[in-house]
Structures are given as structure tokens and as C-alpha cells.
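Below is one structure, written out as C-alpha cells; the observations come after it.
Nothing here was measured: the structure is a model prediction, and the numbers come from that model.
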Amino acid sequence: MTRRSHCSFHFAVFIISCFSFGASERISSKTYVIVSGNVACIRRLNGTHQVGCSSEINGNVGVLHYINDSASLDWLIKVGPHQPYIAMLNSLDFNRDTVQKLRNSQKITGVIVIHTEDSVTTPLPDSFSPADRCPGDLYGLYHNNEDFGNCKKVTWNEFGNGMFFEDFEFPISIVTNKNETDYLINNCYLKFNKPHNGKAREYPLCAVQMKSRMSAAKDSETCIRRTNTPTNLNPDKYCDPLGDMNVIGFFKDVPENHTLEEKSIVMAVARMDSYSLFEDIYPSADNHVSGIVALLAAAEAIRKHKAHFNDNTKDILFTFLNGEAFDYIGSSRLLYDMDNKALPLKLNMNHIDRIIEVNQLAYRDEGKVWIHSDPISMKNATMSSNISDMISSILDIGKNLSDIAGAVNQTQPLPPSSTQKFLQKQLVPALVLTDHKEKFTNRYYNSRFDLAKTIGAEAQNSSDGGYNTVTEQALNLTEAATLLARTLYTQATGSPAPGNLTADKFSVTHLLYCFLISPNCDLFKQVIPPAREAFNDLVSQKSPYPFYVSVYGSTNNITRIIQRLLTHYIGDVEDQSTASCTSSEKASLNIYNYLWMAGPLNSDNTTRSKTCIKSRVTQSKAYSPAFEITDYNGWKSFQYSTWTESSWQTNAISLRIFLIPSKAMEVGLLCTGIFVVLTSLGLIYFITRKSSSLFSLDTDTEMTSS
């Protein structure tokens, strides 16, 4: 074959290849319908188990079957002949009992759950909590306690089904786009799969491929060891430890050479994180946002009376802890850093005079904020006296606030709370303020239903989306924040709180809106850095920031925002020409920190007056010591949290719809394909053998021209 013949031949092959690739892309787009609103259940691990979900490496495929009543569930389990199935459930039918029935049938290979903003397709269940019934017990104060361990006195989370701690051998995903759920039901199930008079449909059938392949397996110890043992030049990472940062802020103004004295600090605590079954769906309106809002609003209220705090008063340490939902990562790390003198001013438990923690506040049992104390501490006479005095003081404050406060029986243990970790370390007078007298009043603890609208914090038919609309829930939390502010003031100063020490209902309203509805709000815009990148990032947010601690390495948006809000509320505006403000966006000078903020809107409603804020607010690690201690051997000791999150490839999570033919048609297509391949090979062989004859025209032409 001549050179010209070779070029012509290869060019033809290239053209055919390009055409084939383009054709394959078009065939793929016609074969599959991609579901983009797919949010998967992922795998996590601790020191003893793996929990969550994972698919096969190439995904799980099954015929779609929509379960919307007991009859459709029974049909799949007892009759359905086209297994494996992908079961599609609505919000009312997705529960532990239903999933367990499907699992035991061995007919399913995945579960899809409808979860849209439409109340018709996603009705609110009477209760749903994937947490267990006794949250945090293994790492809490009462673990192995004969009287209080394992919720012997109170089953705190009565509605907990424990699904978060199950290890599912198949993928589970929610679909959040209503158009896509409608397509799955109408264009897939009803059109091709729905039984006729109880009989299964004939092929073709509509199937779904669910892919959510997780890399990690067994437990955290095994996963970390595999990750730390490279087997090639490009080592694989199987899992990452959970962790982020705590936010701590001292209230009082002190000199640069200040040193802490024993029993000089009142610690005010709230937690920052939660979990749910599905990735990036962590609303937690009551679970902890209500507590965060109350503590921030209380900090703002006390700031107006900062002049009352001096050398003779105690300081207030505002403490927002991260990772508490995963066996108290933040509080246990704070205690670890105290022991290692790694905190500002070498803070340790001896400096803590008392602790007041604020927890769930949105569903107030009997309309009150309930005061919980530790019965073990009450056995100590000194502790008992101090705790009783604290309770009496709060009750007195509550009487002037519509009798808002109530005290639970002192023989009842503390509810799940960070305070339990501090009391494990050292006895100190401590109280936990919550909305429940005994068991949780929150029926959606750590679930995707703990939303703004569920707690009544979402304004209806408001021109600004509800940013300035004060709801009844906002008024209730304002009252709770006022109770908290006056309590902290009284405990720190030893004097009655001024009558005008009150939380601002509009601040509470703004905080609820920004945390639960949209971070693209004016309050958050005031406290972000005065940089175009920060503003663009905020404006681009279409949903609330997730309250999930995530993997350790980069600080969460929620953590940064809470640090800036606390700085905004208790800090002091500095002259912008000072060295600390001009040196960098954030400069630490001994015990003070300086943050630039975008500031409030100017009169033109376009530009902002950037401000530099001086405060004693900073971050500390919320990262389990288990992952830092060399040769740590306490993976099963329940001392430090051991939670990790499985890694996955960028294309590991997907969901797509397609039609599957009958087995006979599949065999026919396979045989046809084999015939075409063999024919093509024969044709290529013939052309190769006869190329000199087939391309002789080119050869003759070249010889003539020469």
C-alpha cells in the first residue's frame, strides 16, 4: 500500500472513530435519564463499626417499584417476579419497619425516598429521628452507671429509630427535585412497571441504577491503618477523621498581661453540629440552632452592659462546640487542650466557676425553659448548695418573664449535653437549659424534618422572605435569650440583672432567617470579610449552610460565621488606622484578635462601611485526640471519639433511569452484536489481503505522474 493509501486509510478510520464516539454519546443520552437531585446516604465509621450505605462498585440496578401503601409493599414482597427491585418510598412510608421488611425480602437492591419542598409529595410524618433512643450514652457521664446509664431513668429520644447507626448493604438516596420525582413516578413506574390487576407487567420495564460507592470498610482503626499504609506511588485515601473548630470568646476587656484566676469564669455553652441520614441535609432547627440563636442573642444583650464588668466580676466564656453529635468531639478536645495548656491564657477546668449550657429551645414543654442538673453532683454538699442557688436565681429571673423557667426533679440525670463531658473531668456547678422537662419534645431530632417551618420560624407571604418578620417562635426565643442573658449577668457579677437587659427580637428573627432559610441575608453580609470573593460566595448560596462537622481540614462556613457573629456582638470597633487592623485581615496580638468586617449598609443602600473589630474571640480545635496520639490503642475504650467519614470518587454518586428489555431480547441483541463484530473482522481481513488490488488506481496514477 502506498503512503497516500495509508494516509487515506487512517483518515477514514479517524473519521469513523469520531463519528462512533459522537454517536455513542447521543445513544447514551437517549438511553439514560440522569436524576440530578439525588442526595445519598453515605458511610461513616467509628471504633467498632461501619454505618450508613454503599453500592456495588458499578452501582446497583433494579426495577423501580413505587410503594405508597401497604398493598404496594405486600405486592413487592410476596408477588414481584422481576427482582431485584429499587423501592421508591414517600416520607410517611420511609421508616425502620418498612426498610427492614424490604431488606428481609432480599428482593431490593436500593431505596429511593421522595423529599421535596412540596407538602403534597413530602408530607410531614408524625415523627422521624434516625438517632438512637439514648444519644451519646457510651461517651457520656452516665455510661455504665447503675442508676442512670443507658437511659434507665428517662428515654430521652423516644422517637429514635437508630437508622443512622445501621449498616445498609445497599444504597439509599433522597430525590429533592419535584420534577424528577414526578418523572420517576409517572414516566417510569406508572408507564412501564405498575402491576395491572395485581399482575406484573411484561418487558420492557423501567429500571434505576443507583451508585454511591464508598471506599471505607469495617471500622475507623482499620480504615486509618489502610490509609496510612501506602501501596503505590499514588496512595489511596479510604476515610478521613471528622472534625472542625470550636469557637470560644471571653467577654471582659482585660490588659495584655492578664492571667486567669481559679473559679473566675462562667462558661456559657452551645453545640454547633448535628447529623442526618443524607449528605448535606442537616437543618437542625430545634436540635441546636435554637440554642445557638439564644446564646448569640444573649451575648448581644449583655454587651450593652459591658461597663458593669470589672476586676471584681467573673468573666463569661461563650463556647460553641463542634462535633458534639459524634460522641462529643469538640468538648473532649477542649478538655484535652486544657490538660496540655494549649488554650488561650492556659485555660483549664480550675478556672471554671460554673457552667450553663443551652440546648433545644423551640418546643417548650408546658411553655417553659427547663433547668436540668446532675444528681451525682448533688451528692456533694458544696456542689448541691451552689447548684440549688443557681436554680433559685434562674427561677426568680423567670418569674419576671411570664414565669418562663421551671426546674426538673433533681433525681433526674442530665439530658445528652456537652456538660456531661466537663463533669466527667471535674465536678463543677452546672446546669442545662432545654425545652423538655423529661423526654425530648422534638419529634425530629437529628433528622431532615427539623426545619424552620416545623418549629414555626418561617414567615408566610412576606415581601422580604421573612427576614424582618417576627414570628411567634422568634418571640419565644427572644424571651428565652433574655432569661439566659440575665442569668449569665447575675452569675458573673453577683448582682441582679438590670431590667433593661433584654434580647432584641429583630436580632433573633435575623439569626433564625440566616441560619435556617437563607445565608444570603444582610446580617451575614455585615460580618463577612470585605472582599468580593466572600460576598459572591454568600450571594451564590441557594440553601442554608449545613450544620455538619464534616471531615477535618478546612473550617466550615457555619464555624466562621459564628465566630464573626460572636465577635460582632461582644467586640469593640477599632480605629481603622491602628496597626493591628492594617497589618492583615486577622492579626493576633497576645490575647486579642482583630477581624475586618464588611459592615452595615451606607445610606446609598449599595456600599458598606467596613469595620475592624477587636475581641477575645478565637477558634480552638474540634478534632479527636484519637487521631493525633501516637500509636493510640483506645479505639474501643469510649474515651475519645473515633468517627471517620468514608471517601469516595468524584463520580461515585449518581442515579439514572433506563429501560431494560426481556432476557430473550437481551440474548438476541448479544447474538446480533457478535455477528456484526465477526462480520466486521472478516471484512477488515478481506480488505487488508486485497489492498493492493483495491488501491491499485492510486499506484498507477503515481507511476504515470513520475
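In terms of heavy atoms, Met272 sits closest to Asn246 at CE-CA, 4.3 Å. Residues Ser377 and Ile387 share a closest heavy-atom pair of CB-CD1, 3.9 Å. The two atoms that bring Ile558 and Pro546 nearest to each other are CG1-O, 3.7 Å, heavy atoms only. Contact record, Tyr444 with Pro125: OH-O, 2.6 Å, taken as the closest heavy-atom pair. Considering every non-hydrogen atom in both Ala497 and Tyr489, the closest pair reads CA-CD2, 3.5 Å. Taking both residues in full, the closest heavy atoms of Pro429 and Met390 are given as CB-SD, 3.7 Å, listed atom of the first, atom of the second, then distance.
Taking the centre and axis of the six-membered ring of Phe309, the NZ or CZ atom of Lys252 falls outside the cone set by 45° and 6.0 Å. At least one cation-pi condition fails for Lys421 and Tyr139: the charged atom is not both under 6.0 angstrom from the six-membered ring centre and inside a 45 degree cone around its axis. Annotation: cation-pi geometry satisfied between Arg448 and Phe128 (NZ/CZ under 6.0 angstrom from ring centroid, within 45° of ring axis).
Contact check for Trp370 versus His436: no side-chain heavy atoms found under the 4.5 Å cut-off. Using a 4.5 Å cut-off on side-chain heavy atoms (C-beta onward), Phe515 and Ile562 make contact. In this structure, Met383 and Met378 have side chains that are not in contact, with every pair of non-hydrogen atoms separated by 4.5 Å or more. Between Leu501 and Thr482, the closest side-chain pair of non-hydrogen atoms is not below 4.5 Å. Proximity of Arg333 to Pro625: side-chain heavy atoms (C-beta onward) are separated by under 4.5 Å at one or more points. Thr555 is listed as a side-chain neighbour of Gln619, based on a closest heavy-atom distance under 4.5 Å. Thr478 is not listed as a side-chain neighbour of Thr502, based on a closest heavy-atom distance of 4.5 Å or more.
Between Tyr142 and the options Asp374, Asn150, Asp137, a side chain to side chain donor-acceptor pair (under 3.5 Å) holds for only Asp374. Checking each of Pro415, Pro416, Pro135 against Asn157 for a side chain to side chain contact (heavy atoms under 4.5 Å, CB included) leaves exactly one that passes, namely Pro135.
By the 30° and 60° cut-offs, the orientation of the rings of Tyr632 relative to Trp635 is perpendicular.
More than 12 heavy atoms of other residues, nucleotides or ligands shown are found within 6.0 angstrom of CD on Gln426. No more than 12 heavy atoms of other residues, nucleotides or ligands shown are found within 6.0 angstrom of NZ on Lys346.
Side-chain polar atoms of His372 and Thr434 form a donor-acceptor pair below 3.5 angstrom. If you check the side chains of Asp327 and Trp643, you find a donor sitting under 3.5 Å from an acceptor. Asn446 and Asn287 share a side-chain donor-acceptor pair at under 3.5 Å. With hydrogens and angles left out, the side-chain atoms of Asp522 and His510 include no donor and acceptor closer than 3.5 Å. Between the side chains of Ser331 and Glu324, at least one donor-acceptor pair of N or O atoms lies under 3.5 Å. No side-chain donor from either of Ser641 and Ser624 sits under 3.5 Å from a side-chain acceptor of the other. Side-chain contact annotation: Glu357 with Thr419, donor-acceptor N/O pair under 3.5 Å present. Side-chain polar atoms of Asp244 and Asn322 form a donor-acceptor pair below 3.5 angstrom.
Taking the six-membered ring for Trp and the full ring otherwise, the centers of Phe547 and His288 sit less than 6.0 Å from each other. Between Phe326 and Tyr275, a ring centre-to-centre spacing shorter than 6.0 Å is recorded.
Taking CD from Gln473 and CG from Leu512, the interatomic distance works out to 7.0 Å, rounded to the nearest 0.5 Å. The distance from atom CG of Asp450 to atom OG1 of Thr454, rounded to the nearest 0.5 Å, is 6.5 Å. Taken from CZ in Phe422 to CG in Leu334, the straight-line distance is 5.0 Å, to the nearest 0.5 Å. Between atom CD of residue Gln420 and atom NE2 of residue His143 there is a gap of 12.0 Å, rounded to the nearest 0.5 Å. Separating the CG atom in Leu295 from the CG atom in Leu361 is a distance of 10.0 Å, to the nearest 0.5 Å. In this structure, CG in Leu343 is found 9.0 Å from CG in Asn348, a value given to the nearest 0.5 Å.
Between the side chain of Thr567 and the main chain of Gln563, a donor-acceptor pair closer than 3.5 Å is present. Although no hydrogens or angles enter the test, the distance criterion places no donor-acceptor pair under 3.5 Å between the side chain of Glu256 and the main chain of Tyr592. For Tyr623 (side chain) and Gly330 (main-chain N/O), no donor-acceptor pair under 3.5 Å exists by modelled atom type. A donor-acceptor pair is defined here as one N or O able to donate and one able to accept, closer than 3.5 Å; no such pair exists between the side chain of Ser384 and the backbone of Asn380. Between the side chain of Arg303 and the backbone N or O of Gly571 there is at least one donor-acceptor pair closer than 3.5 Å. Under the 3.5 Å distance criterion, the side-chain polar atoms of Thr487 are left unmatched by any main-chain donor or acceptor of Ile394. Between the side chain of Thr441 and the backbone N or O of Tyr363, at least one donor-acceptor pair lies under 3.5 Å. Side chain of Asp435 to main chain of Ala362: a donor-acceptor pair is present (N/O by atom type, distance under 3.5 Å, no hydrogens or angles). Checked by atom type and distance alone, the side chain of His258 never pairs as donor or acceptor with a backbone atom of Val254 at under 3.5 Å. Remark: side-chain polar atoms of Asn593 are paired, donor with acceptor, to backbone N or O of Val617 under 3.5 angstrom.
At a threshold of 4.0 Å, the pair Asp337-Lys621 does not count as salt-bridged, since none of the basic side-chain nitrogens sits closer than that to a carboxylate oxygen. Using a 4.0 Å cut-off between charged side-chain N and carboxylate O, Asp403 and Lys368 make a salt bridge. Using a 4.0 Å cut-off between a side-chain N of Lys or Arg and a carboxylate O of Asp or Glu, Glu479 and Arg364 qualify as a salt bridge. Between Asp572 and Lys306, at least one side-chain N (NZ, or NE/NH1/NH2) sits under 4.0 Å from a carboxylate O, which counts as a salt bridge.
Screening residues 141-165 for salt bridge (Lys or Arg N to Asp or Glu O under 4.0 Å), with sequence neighbours left out, gives Glu158-Lys439.
Residues passing the side-chain contact (heavy atoms from CB on, under 4.5 Å) test with Ser393, sequence neighbours excluded: Ile397, Thr490, Gln491. With sequence neighbours excluded, the residues forming a ring pair (Phe, Tyr, Trp, His ring centres under 6.0 Å) with Tyr513 are Tyr467, listed by chain and number.
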